[in-house]
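Encoded as structure tokens, the structure appears first; notes follow it.
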Amino acid sequence: MHITVTSLKLKRLWHFFILANYAFKVTKQMRNEKGFLSFKNKGLGRMQYTLSAWESEEDLKRFARSGAHKTAMQKTNKIASEVNTLTYQSDIIPDWKAAKDLLLTKGKVIKFT
């Protein structure tokens with residue numbers, strides 16, 4: 001199984017409402033994708049997190065590069081100052097503590113101005 005953990009640091013607190021609009025559309029797309037296994041999200045204030053599980057890397061990539069997710073990714077730099085992401089293989093879906101620890105130690109950070 002392929003796990004993707006992502007954090008977004010929003011530029012402004014009110015950007016949460018823009019993110020929520022994107023997230024609604026992305027979640028709808030995700031739940032209809034081949035290979036989708038699980039999704040959860042959480043956040044507080046400007047820090048928002050997602051965790052998804054997929055049957056294969058191909059399923060994950062197809063989803064990430066299409067539809068509402070592709071559109072949201074193209075606009076991320078407008079609402080986020082930083083994105084941290086990690087994709088890895090696992091037999092289990094991690095709890096939030098493990099997911100955040102992995103993201104901090106092994107994630108790829110992208111910063112926007």
What residues, two or more places apart in sequence or in another chain, satisfy side chain to side chain contact (heavy atoms under 4.5 Å, CB included) together with [X]?
X: Thr71; value: Lys75
X: Arg65; value: Lys61
X: Lys11; value: His15, Ser81
X: Ala98; value: Pro94, Asp95

Rounded to the nearest 0.5 Å, how far does [atom2] of [Y] lie from [atom1] of [X]?
X: Ser66; Y: Met73; atom1: OG; atom2: CE; result: 10.5 Å
X: Ile18; Y: Thr76; atom1: CD1; atom2: OG1; result: 11.5 Å
X: Lys111; Y: Asn77; atom1: NZ; atom2: CG; result: 15.0 Å

Query raised in the report: For Arg62, what residues pass the salt bridge (charged side-chain N to carboxylate O under 4.0 Å, His left out) criterion, not counting sequence neighbours?
Result: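 Salt bridge (charged side-chain N to carboxylate O under 4.0 Å, His left out) list for Arg62, sorted by chain: Glu33, Asp59.
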**Report entry** Pairing residues for Glu58 by the salt bridge (charged side-chain N to carboxylate O under 4.0 Å, His left out) criterion, not counting sequence neighbours
**Finding:**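 Partners of Glu58 under the salt bridge (charged side-chain N to carboxylate O under 4.0 Å, His left out) test: none.
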**Report entry** Linked, directly or transitively: Phe16 and Trp14 (ILVMFWY side chains, under 4.5 Å)
**Finding:**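 Both belong to a single hydrophobic cluster.
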Query - Joint hydrophobic cluster, Ile79 plus Phe17, side-chain heavy atoms closer than 4.5 Å - result: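 Looking at the clustering, Phe17 is in the same group as Ile79.
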Query raised in the report: Do Arg46 side-chain atoms and Lys9 backbone N/O form a donor-acceptor pair below 3.5 Å?
Result: no
Query raised in the report: Does NZ belonging to Lys108 count more than 12 external heavy atoms closer than 6.0 Å?
Result: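 At most 12 heavy atoms, drawn from other residues, nucleotides or ligands, come within 6.0 Å of this atom.
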Query raised in the report: Near Arg12 CZ, under 6.0 Å, is it more than 12 heavy atoms from other residues, nucleotides or ligands?
Result: no
Query raised in the report: Do any pairs count as a ring-ring contact (aromatic ring centres under 6.0 Å, His included) and have a residue in residues 57-84, sequence neighbours left out, and if so which ones?
Result: Trp54-Phe63, Phe63-His69
Query raised in the report: Quick one: side-chain hydrogen bond (donor to acceptor under 3.5 Å, both in side chains) partners of Thr6, sequence neighbours excluded?
Result: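 Thr6 satisfies side-chain hydrogen bond (donor to acceptor under 3.5 Å, both in side chains) with Thr85 once adjacent residues are dropped.
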Report task. Tell me, please, which residues at least two apart from Thr87 pass side-chain hydrogen bond (donor to acceptor under 3.5 Å, both in side chains). Result -> Thr4
Report task. For residues 96-106, pull every pair meeting salt bridge (charged side-chain N to carboxylate O under 4.0 Å, His left out), keeping only residues two or more places apart or in separate chains. Result -> Lys97-Asp101
For a quick test of your reading: what N or O donor-acceptor pairs under 3.5 Å do the side chains of residues 19-28 make, sequence neighbours left out?
residue : atom : partner : partner atom : Å
Thr27   : OG1  : Ala23   : O            : 2.7

Report task. Any chance you could pull the hydrophobic cluster mates of Tyr88, using side-chain heavy atoms under 4.5 angstrom and chaining through other members? Result ->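 Members alongside Tyr88: Met1, Ile3, Val5, Leu37, Met47, Tyr49, Leu51, Leu86, Ile93, Trp96, Leu102, Leu103.
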**Report entry** Exercise: identify the closest heavy-atom pair between Gly43 and Gln48
**Finding:** CA-OE1, 3.5 Å
